[in-house]
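One structure is given here, and the rest of the page talks about it.
Since we're looking at a predicted model, the values are computed, not measured. Here is how names work: the chains are called A, B, and so on, in the same order as the sequence lines, proteins then strands, and each is numbered from 1.
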Protein chains: 2
Amino acid sequence: MDIIDAKILEVLKQNGRSTASDISKKVNLSIPAVSERIRKLEEANVIEQYTVKINREKMGYKLLAIVFVNIDHTANIQQFREEIILFPEVMECHHMAGEYDYMLKVLVEDTAQLEVFLSEKLKSIRGVQNSNTLIVLSTLTEKLNR
Amino acid sequence: MDIIDAKILEVLKQNGRSTASDISKKVNLSIPAVSERIRKLEEANVIEQYTVKINREKMGYKLLAIVFVNIDHTANIQQFREEIILFPEVMECHHMAGEYDYMLKVLVEDTAQLEVFLSEKLKSIRGVQNSNTLIVLSTLTEKLNR
DNA sequence: ACTGAAAGATCACTAAC
DNA sequence: GTTAGTGATCTTTCAGT
């Protein structure tokens with residue numbers, strides 16, 4: 001991971017479809033050299049995935065919420081961890097230090113779907129003790145990578 | 001946005017480098033038909049960006065934190081909004097309803113960098129009244145799109 | 001570890017339907 | 001929307017530095 005690899009990653013962050021020949025011009029390196037570096041970055045799992053950012057509003061998902069969850073510590077925590085990530089509306093699930101056990105980022109179409117998620121889906125998982133939901137009014141920035 | 005477009009987006013989510021010919025096999029459509037659909041999805045800004053997911057740990061970023069911030073409502077809020085998104089460690093910034101005004105997702109190498117962010121960078125923005133930081137112990141899932 | 005050139009494969013595009 | 005044909009472009013390979 002030298003400075004040239006960092007430059008290559010920077011180009012790929014901005015456009016995941018950049019070809020080796022595109023990148024070779026931007027980093028002043030020959031095409032085979034760039035190809036080999038990308039191959040190694042993929043092999044080392046530094047590049048985890050090529051993907052695409054899709055417009056949420058255009059897909060009808062207009063409500064983003066943060067849900068903090070507490071788990072009954074006598075419950076089967078592994079079961080919660082397996083089930084929670086299966087819900088399509090759960091974009092993120094983090095195990096937290098502090099007052100709450102888990103923090104979820106939940107993306108839904110509207111408040112009706114949020115209600116279904118909170119009062120039916122989330123509640124249906126055994127061990128979920130209580131939750132605290134915060135609503136996102138707007139998003140100023142949201143990046144995948146630093 | 002019919003069911004075929006949805007399938008195309010699904011393929012691109014999993015691999016942003018999929019070619020039109022790759023996709024044409026998976027959705028049972030000819031290559032020019034797929035190309036045209038992708039072109040329209042890009043034009044309509046449904047596809048916002050092709051990008052890449054980079055392994056955070058491999059890049060040395062081992063600490064993820066959630067920072068809630070309150071802004072002095074007599075302060076210049078626009079200034080906060082402009083400055084906060086410029087910090088490289090701020091992955092996300094959401095305007096929130098409820099007790100706190102903004103929620104930040106902050107990615108740093110270690111607690112030392114978090115301390116610098118909280119006590120120097122964040123504090124330096126005029127109007128930042130107080131903050132509350134939560135530490136992420138581990139991440140179960142983190143998706144860009146639903 | 002990188003360059004440059006050549007080969008082969010693959011892709012996108014266009015035109016006709 | 002399909003099929004077929006063309007031209008461009010890309011990656012890979014390899015010999016040389």
Side-chain angles (χ1 to χ4, degrees), chain A residues 1-62 88 109 142-146, chain B residues 1-62 88 107 109-110 142-146:
Chain A
M1 266 300 305
D2 58 11
I3 198 163
I4 299 179
D5 282 346
K7 276 189 188 177
I8 291 173
L9 291 177
E10 209 54 48
V11 174
L12 285 172
K13 276 191 237 173
Q14 285 176 358
N15 181 2
R17 296 194 91 142
S18 298
T19 61
S21 50
D22 288 337
I23 299 171
S24 87
K25 290 163 196 161
K26 294 185 180 173
V27 302
N28 290 324
L29 220 62
S30 68
I31 293 171
V34 170
S35 295
E36 180 65 5
R37 278 168 178 269
I38 292 176
R39 196 195 60 74
K40 284 179 181 167
L41 288 168
E42 289 169 350
E43 193 187 44
N45 205 35
V46 174
I47 296 175
E48 287 185 338
Q49 192 187 17
Y50 294 94
T51 187
V52 80
K53 173 94 180 79
I54 294 170
N55 190 306
R56 291 176 186 166
E57 299 257 332
K58 295 252 166 69
M59 298 296 285
Y61 301 119
K62 306 201 173 192
E109 291 183 13
E142 190 169 39
K143 299 186 293 180
L144 240 190
N145 308 294
R146 222 190 120 158
Chain B
M1 265 301 306
D2 59 10
I3 198 163
I4 299 179
D5 282 345
K7 276 189 187 178
I8 291 173
L9 291 176
E10 209 53 48
V11 174
L12 285 172
K13 276 191 237 174
Q14 285 176 359
N15 180 3
R17 296 195 88 141
S18 298
T19 60
S21 50
D22 288 337
I23 298 170
S24 87
K25 291 163 195 160
K26 294 185 180 172
V27 302
N28 289 325
L29 220 62
S30 68
I31 293 171
V34 170
S35 295
E36 180 65 5
R37 278 168 178 268
I38 292 176
R39 195 194 59 74
K40 283 180 182 167
L41 288 167
E42 289 168 349
E43 193 187 42
N45 204 35
V46 174
I47 296 174
E48 287 186 338
Q49 191 187 18
Y50 294 94
T51 187
V52 79
K53 172 93 179 81
I54 294 171
N55 189 304
R56 290 176 187 169
E57 299 258 332
K58 295 252 166 68
M59 297 296 285
Y61 301 120
K62 307 203 172 191
L107 181 65
E109 291 185 13
D110 49 32
E142 190 168 40
K143 299 186 293 180
L144 239 190
N145 308 296
R146 223 189 119 159

remark   = Of the candidates D:dC10, D:dA4, C:dG4, the side chain of B:P32 sits closest to D:dA4
task = Find the distance A:E36:CD to C:dC2:C1' and express it as a whole number of Å.
result = 11 Å
request  = Please report, rounded to the nearest Å, how far the P atom of C:dA12 is from the CD1 atom of B:I38.
outcome  = 8 Å
query = Picking from B:K7, B:R37, B:E36, what satisfies side chain to side chain contact (heavy atoms under 4.5 Å, CB included) with B:L29?
reply = B:R37
query = Is the shortest distance from a Lys or Arg side-chain nitrogen in A:E142 or A:R56 to a carboxylate oxygen in the other one below 4.0 Å?
reply = yes
query = Nearest-Å distance, CG (B:N28) to C1' (D:dG1)?
reply = 14 Å
query = Counting side-chain heavy atoms from C-beta on, which of D:dG1, D:dT3, D:dT11 comes nearest to A:S21?
reply = D:dT11
task = Give a yes or no on whether A:K58 atom NZ has more than 12 heavy-atom contacts from other residues, nucleotides or ligands under 6.0 Å away.
result = yes
message = At 4.0 Å (heavy atoms only), tell me whether A:R37 reaches a base, stays on the sugar-phosphate, or touches nothing.
response = sugar-phosphate
Minimum-distance nucleotide (side-chain atoms of A:I31 versus C:dC2, C:dC11, D:dT11) = D:dT11
task = Measure the distance from CD1 on A:I4 to P on C:dT3 and round it to the nearest whole Å.
result = 8 Å
query = Is a side-chain N or O of A:Q14 found less than 3.5 angstrom from the main chain of B:T51, in a donor-acceptor match?
reply = no
Rounded interatomic separation in angstrom, taking CD1 from A:I23 and C1' from C:dT3 = 18 Å
message = Between C1' on D:dT12 and CZ on A:R39, what's the gap in Å once rounded to a whole number?
response = 12 Å
request  = Provide, to the nearest angstrom, the distance between the CG atom belonging to B:L29 and the C1' atom belonging to D:dG1.
outcome  = 7 Å
query = Touch check for A:S30, heavy atoms < 4.0 angstrom, all strands: base, sugar-phosphate only, or nothing?
reply = base
key: Pair B:K40 + B:E43: basic N to acidic O under 4.0 Å   = no
message = Whole angstroms only, please: what is the CD1-P distance between B:I3 and D:dG1?
response = 14 Å
request  = Please figure out whether A:R17 or A:K40 has its closest DNA chain C nucleotide nearer the 5' end.
outcome  = A:K40
query = Of the candidate nucleotides D:dT2, C:dA12, C:dG4, which contains the atom at the shortest distance from the side chain of B:A20?
reply = C:dA12
